[in-house]
Amino acid sequence: MNATVSGNRNTRFLYAGIVIALLISILAPFLASSDPDGLESAAEGVLGEERMSALEELAPVFESPMPDYSIEGHGKAGEAGAIVIGTLILLGIGLALGKVMKKK
Amino acid sequence: MHIPDSFLPLSHALIYWVIALPFIYLSFRWARREMDDMKVPVLAALAAGIFAIQALNIPIGMGTSGHMVGATLVAIIFGSPMAGVLVLTLVLLVQGFVFADGGITAMGANILNMGVISGFTGYYAFVALRKMKLGMKSASFIGAWAGLLISAIAASVQLTFAGLFPLVAGITAMGTYHLIIGFVGEGLITAIAIAAIERSRPDLLENSFLNPEHGGNVA
């Protein structure tokens with residue numbers, strides 16, 4: 001991070017954002033509801049369980065490294081870790097993109 | 001509301017990509033025009049925060065849960081729906097590729113629904129309500145709520161075109177669930193976040209909602 005950015009008033013906003021985002025990331029696996037989301041619930045309702053599970057069985061187009069926000073064999077800690085990693089990836093992408101895009 | 005690949009025929013998925021791509025392009029053009037040293041930290045914090053909060057599913061009863069989308073919040077803070085499209089595009093890319101949340105071929109539809117439709121509906125509802133002299137909190141609450149609900153209905157219609165959902169039953173189910181998810185998961189959280197920013201950093205919001213065409217010049 002360069003001097004102009006760290007000397008900037010919005011850097012405090014960034015730090016506050018990082019703290020809040022990481023806190024949510026760590027707590028999410030323990031607080032989040034495991035009930036299906038609105039789309040899945042609606043699909044189960046209108047398609048029936050059988051057709052729904054047939055659709056879910058289909059192999060994904062792309063093999064994700066951490067499907068369903070989890071790290072295999074690490075339970076809740078793995079889930080928290082996965083979400084923390086995702087949060088940090090987006091932080092990195094956001095900073096990098098901003099830097100590339102910003103006015104000179 | 002992330003549509004998986006198995007829910008959309010490839011041809012449909014491609015059509016939604018074609019519709020979403022101009023908006024993605026415009027959102028990058030927006031960033032090129034607007035990003036400066038002051039705004040980069042805000043954009044990065046919002047991208048990280050929106051990803052984190054999307055992992056937090058809130059129970060809404062009926063054995064169902066839902067989470068915030070966040071496009072309206074981002075759009076209000078930056079004073080442009082393009083900001084919402086940009087942040088949601090980044091979030092959905094990481095969710096799809098790293099966490100298998102939302103499909104890869106279906107990502108165009110998800111960007112269209114959660115970035116474009118939810119952000120534009122939410123932001124312009126917010127702007128209209130502000131012009132009617134409604135307070136910041138109420139306008140952001142109703143705007144965000146409407147944005148989420150309309151984007152859920154759009155997803156339902158796409159699944160009807162895909163031959164998966166019956167039109168009326170699909171809209172009824174999606175509408176009912178997202179009416180509640182939109183109230184808590186989108187409306188309340190957006191209003192609370194806006195209230196917190198208004199209290200601690202009113203300068204961030206000062207111009208953005210008054211000048212919807214150009215995005216406020218925060219600096």
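For the numbers below, each heavy atom of this structure counts, side chains included, while hydrogens, waters and symmetry mates do not. Chain identifiers are assigned alphabetically (A, B, ...) following the order of the sequence lines, protein sequences preceding nucleic acid strands; residue numbering begins at 1 within each chain.
Contact of B:Val94 with chain A is made through the side chain alone, with heavy-atom distances under 4.5 Å. Residue A:Leu58 touches chain B through its side chain alone, counting heavy-atom pairs closer than 4.5 Å. In this structure, chain A has a heavy atom under 4.5 Å from the side chain of B:Phe7, while its backbone stays farther away. Proximity to chain B (any heavy atom under 4.5 Å) is shown, for A:Ile83, by both the backbone and the side chain. With a 4.5 Å cut-off on non-hydrogen atoms, A:Leu47 touches chain B through its side chain but not through its backbone. Neither the backbone nor the side chain of A:Leu23 comes within less than 4.5 Å of any heavy atom in chain B. For B:Val87, no part lies under 4.5 angstrom from a heavy atom of chain A. Both the backbone and the side chain of A:Ala82 come within contact range of chain B, with heavy atoms under 4.5 Å apart. For B:Tyr177, the part lying near chain A is the side chain, with the backbone staying farther off; criterion is any non-hydrogen pair under 4.5 Å. At a 4.5 Å heavy-atom cutoff, the contact between B:Ile181 and chain A is made by side-chain atoms alone. Only the side chain of B:Leu43 comes within contact range of chain A, judged by heavy atoms closer than 4.5 Å. Heavy atoms closer than 4.5 Å to chain A are found in the side chain of B:Ile104, but not in its backbone. Only the side chain of A:Arg51 comes within contact range of chain B, judged by heavy atoms closer than 4.5 Å. Of the two parts of B:Leu159, only the side chain, counted from C-beta on, holds a non-hydrogen atom closer than 4.5 Å to a non-hydrogen atom of chain A. Interface remark: A:Ala16 contributes no atoms to any contact with chain B (heavy atom separation under 4.5 Å). Contacts between B:Ile180 and chain A at a heavy-atom distance below 4.5 Å are absent for every atom of the residue.
Listed here is the closest heavy atom pair of A:Ala32 and B:Ala55: CB-O, 3.7 Å. Between A:Asn10 and B:Lys39 the shortest heavy-atom distance is ND2-N, 4.3 Å. Nearest approach of A:Ser64 to B:Val98, heavy atoms of both residues: CB-O, 3.5 Å. The two residues A:Gly94 and B:Val40 make their nearest non-hydrogen contact at O-CG1, 4.4 Å.
Annotation: maximal heavy-atom pairing with chain A below 4.5 Å, among B:Gly66, B:Ser6, B:Pro166, occurs at B:Ser6. Ranked by heavy-atom pairs shorter than 4.5 Å toward chain A, the options B:Met35, B:Gln95, B:His67 are led by B:Met35. Listed options B:Leu164, B:Asp5, B:Ile53, B:Leu90 were ranked by heavy-atom pairs under 4.5 angstrom with chain A; first place goes to B:Leu164. Each of B:Ile58, B:Val91, B:Thr105 has some count of heavy-atom pairs under 4.5 Å with chain A, and the biggest count is that of B:Val91. Contact tally against chain A (heavy-atom pairs below 4.5 Å) for B:Ser200, B:Pro4, B:Gly63, B:Ala152: the top residue is B:Gly63.
Once rounded to the nearest 0.5 Å, the distance linking CG of A:Leu39 with NE2 of B:His178 reads 6.5 Å. Note: A:Asp37 CG to B:Ile60 CD1 = 9.5 Å, rounded to the nearest 0.5 Å. A distance of 12.5 Å separates CE of A:Met101 from CD of B:Glu34, quoted to the nearest 0.5 Å. Atom CG of B:Asp101 and atom CG of A:Asp68 lie 8.0 Å apart (nearest 0.5 Å). If you take CD on B:Gln54 and CD1 on A:Ile24, they are separated by 11.5 Å, rounding to the nearest 0.5 Å. Atoms OG1 and CG, on A:Thr11 and B:Asp37 in that order, are 9.0 Å from each other to the nearest 0.5 Å.
For B:Ser65 (side chain) and A:Asp35 (main-chain N/O), a donor-acceptor pair under 3.5 Å exists by modelled atom type. Judged by distance alone, the side chain of B:Asp36 and the main-chain N or O of A:Lys102 form no donor-acceptor pair under 3.5 Å.
In this structure, the side chains of B:Leu86 and A:Leu97 come closer than 4.5 Å at one or more pairs of heavy atoms.
More than 12 heavy-atom neighbours from other residues, nucleotides or ligands sit within 6.0 angstrom of CZ on A:Phe62.
In this structure, B:Phe51 and A:Tyr69 have tilted ring planes: the angle between them lies in the 30° to 60° band.
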